[in-house]
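Notes follow the structure.
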There are 2 protein chains.
Amino acid sequence: MSLGSELFAEMSSLVVEAPHQPVDVRAGAAPSILKKAFDVLGSFSPDRRVLSFAEVARASGLPKSTTHRVLAMLVEMGAVEQHTDGYRIGLRMFAVGACSAEVALRDIALPAMEELHRIARQTLHLAVLRGPDVVYIEKLRTHQAVPTPAVVGASLPAHWTAVGKALLAEERAESAASTEVLRSRAGRKMADPAAFAQELTLSRARGYAVDREESVAGLACIAVPIVAGGSAVAALSVAFPAAAGKGEVLLNPLRATAARIGRSLPPALRGSLLRERHAR
Amino acid sequence: MSLGSELFAEMSSLVVEAPHQPVDVRAGAAPSILKKAFDVLGSFSPDRRVLSFAEVARASGLPKSTTHRVLAMLVEMGAVEQHTDGYRIGLRMFAVGACSAEVALRDIALPAMEELHRIARQTLHLAVLRGPDVVYIEKLRTHQAVPTPAVVGASLPAHWTAVGKALLAEERAESAASTEVLRSRAGRKMADPAAFAQELTLSRARGYAVDREESVAGLACIAVPIVAGGSAVAALSVAFPAAAGKGEVLLNPLRATAARIGRSLPPALRGSLLRERHAR
DNA sequence: CGCTCGGTTCCAGTGGCCGGAACGGTGGGG
DNA sequence: CCCCACCGTTCCGGCCACTGGAACCGAGCG
């Protein structure tokens with residue numbers, strides 16, 4: 001456990017976005033109060049759920065008085081709650097986030113995931129691709145299983161994870177835009193683009209991706225894409241102790257579950273594709 | 001199924017907050033752009049996940065050009081995504097919402113809920129109290145079970161639901177502020193405050209609350225509070241067909257599960273109490 | 001063709017945002 | 001004890017980003 005969380009701490013220090021530089025230097029970005037508000041909201045993370053005023057000011061990079069004003073506004077909106085021990089993300093943000101397409105996906109996937117969870121008795125992950133990262137939508141933990149670094153709502157570099165590889169493999173098959181993604185972080189392992197590209201090709205061919213102790217020692221994952229309407233919208237993975245073998249037994253149930261989820265996705269929801277118009 | 005959704009439509013039309021009057025008339029409310037942004041975000045709901053531009057403008061009550069500008073900003077922030085079919089809540093809002101204390105609670109409760117779900121084979125609800133309403137944090141559906149009006153992220157009047165009654169009973173035991181809550185909606189059933197107060201007292205005494213077809217015909221629920229550090233922070237309920245009896249068999253497993261969840265809540269999280277400072 | 005409705009762009013005026021600065025309170029360490 | 005570092009709050013003049021009515025374009029439609 002300490003090993004897992006230790007590794008996770010190391011990872012998250014790299015995962016977390018660049019330390020909130022003042023604003024965008026280019027003229028394009030509007031330094032509106034809305035941007036500041038999201039800087040404040042972005043100060044919170046699943047492993048730092050409660051922050052003091054000063055912590056928010058530091059993390060958001062905003063002047064104290066501005067931070068104070070923005071926080072007061074957010075509290076008034078119900079987006080943030082002020083307790084005696086500090087500020088927290090408010091229930092209102094949960095309610096807003098619950099309207100996202102990803103929650104709809106989670107809702108549909110959950111029964112099937114539960115069933116798989118009963119069978120596999122291992123930790124399950126449901127994640128979507130977001131640029132170079134995967135964002136975890138759901139996680140079904142299993143008692144006394146290998147701890148995994150995934151946290152619901154948080155993201156990890158896609159090329160570190162089985163779900164990420166499964167999704168990258170599909171994406172690359174559609175548009176050969178892999179170069180962008182393969183530009184991996186400096187000096188980090190799996191920095192060999194050619195080998196990684198080959199692994200993606202293999203993953204795509206056999207229909208599943210693997211991660212053997214690449215993110216956490218002792219942890220292995222196999223992942224399959226969830227396809228709906230011809231393209232992958234998410235990925236599902238099982239985590240198990242690396243010492244337990246290659247997990248072939250889990251592959252078929254995993255595939256069946258992913259297929260079942262893909263089939264039960266309403267066509268309207270398939271518009272949750274990765275293709276969102278990134279403005280400018 | 002059609003019965004359930006029909007009834008839900010009827011309910012949600014009452015549940016949804018007053019149709020977004022212009023702004024607050026009193027001088028206290030700041031009509032800042034942030035307020036407008038949340039008006040826009042509040043236009044979405046779990047059953048209206050995708051809205052066209054005009055729908056957002058109408059629902060938020062903002063002028064067209066203002067709506068346009070605010071939407072563009074929100075898209076730039078990643079809070080909203082623009083697809084060909086309209087606007088949706090963005091993944092970023094899910095990520096922000098995942099930092100709320102309620103998601104932490106959900107995270108801890110989920111394993112125990114899954115286990116109960118296996119045993120009971122009925123739909124489970126996890127909800128918190130928010131003023132006069134309950135907000136659903138988690139819902140484990142069961143195939144071919146009675147459909148329930150609860151939607152994760154959405155709210156229902158507390159006095160219509162078993163979870164709500166369980167929480168109101170606890171709250172009333174702490175502070176006799178029941179009058180506020182008992183002022184129920186005009187002409188709606190269970191408008192008899194005295195009888196309702198008595199029911200709450202009974203619920204508190206026996207440790208669980210019930211709902212027999214009060215919200216949906218054919219649906220019954222029993223709910224127990226989840227207590228941590230001496231006060232109720234959430235409630236857990238099982239839904240079952242009213243024709244199946246009173247659900248006594250489910251009561252003990254339900255109690256055990258709620259107790260187990262309450263026990264496993266870290267003390268730090270208990271600051272998720274209902275007492276948030278509602279400014280001004 | 002004229003109408004309605006969805007969606008976008010423009011623009012001048014102004015009021016809301018800006019953030020440095022100053023102020024109280026607290027703790028702790030020399 | 002004093003001093004300092006830090007947290008949190010408040011104030012205020014200047015300026016610019018927000019405001020929203022209005023005009024515009026295209027599509028559907030009777």
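Quick note on labels: first sequence line is chain A, next is B, and so on, each numbered from 1. Note that these values count all heavy atoms, side chains included, but never hydrogens, waters or copies made by symmetry.
B/Ile33 has its CD1 atom 5 Å from the P atom of D/dC18, to the nearest Å. For the pair A/His83 NE2 and D/dG8 P, the interatomic distance rounds to 16 Å; values are reported in whole Å. The nearest whole Å value for the distance from the CG atom in A/Leu34 to the C1' atom in C/dC18 is 16 Å. A/Asp39 has its CG atom 11 Å from the P atom of C/dG19, to the nearest Å. When the P atom of C/dC17 is taken as reference, atom NZ of B/Lys35 falls 14 Å away, rounded to whole Å. In this structure, B/Asp85 atom CG and C/dG6 atom P are separated by 17 Å, rounded to whole Å. What separates CE of A/Met73 from P of C/dC17 is a distance of 4 Å, to the nearest Å.
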Every protein N/O within reach of nucleotides 20-29 of chain D N/O, cut-off under 3.5 Å:
| from | atom 1 | to | atom 2 | distance (Å) |
| --- | --- | --- | --- | --- |
| D/dG20 | OP2 | B/Thr66 | OG1 | 3.2 |
| D/dG20 | N7 | B/Ser65 | OG | 2.7 |
| D/dG20 | N7 | B/Arg69 | NH2 | 3.3 |
| D/dG21 | O6 | B/Ser65 | OG | 3.0 |

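With sequence neighbours excluded, the residues satisfying side-chain contact (heavy atoms from CB on, under 4.5 Å) with A/Ala234 are A/Leu105, A/Leu126, A/Val128, A/Ile226. Legend: residues meeting side-chain contact (heavy atoms from CB on, under 4.5 Å) with A/Ser65, ordered by chain and number and at least two apart, are absent. Every ring pair (Phe, Tyr, Trp, His ring centres under 6.0 Å) that B/Tyr136 has, sequence neighbours left out, goes to B/His125. Partners of A/Arg69 under the salt bridge (charged side-chain N to carboxylate O under 4.0 Å, His left out) rule, at least two apart in sequence or in another chain, do not exist in this structure. Taking the salt bridge (charged side-chain N to carboxylate O under 4.0 Å, His left out) definition, one finds that A/Arg49 meets it with nothing, sequence neighbours left out.
The residues A/Arg106 and A/Glu138 are annotated as salt-bridged, a charged nitrogen and a carboxylate oxygen being separated by less than 4.0 angstrom.
Across C/dC17, D/dA17, D/dG8, the shortest atom-to-atom separation from the side chain of A/Phe53 is found for D/dG8.
Between B/His68 and C/dG7 there is no side-chain N or O to OP1 or OP2 distance below 4.0 Å.
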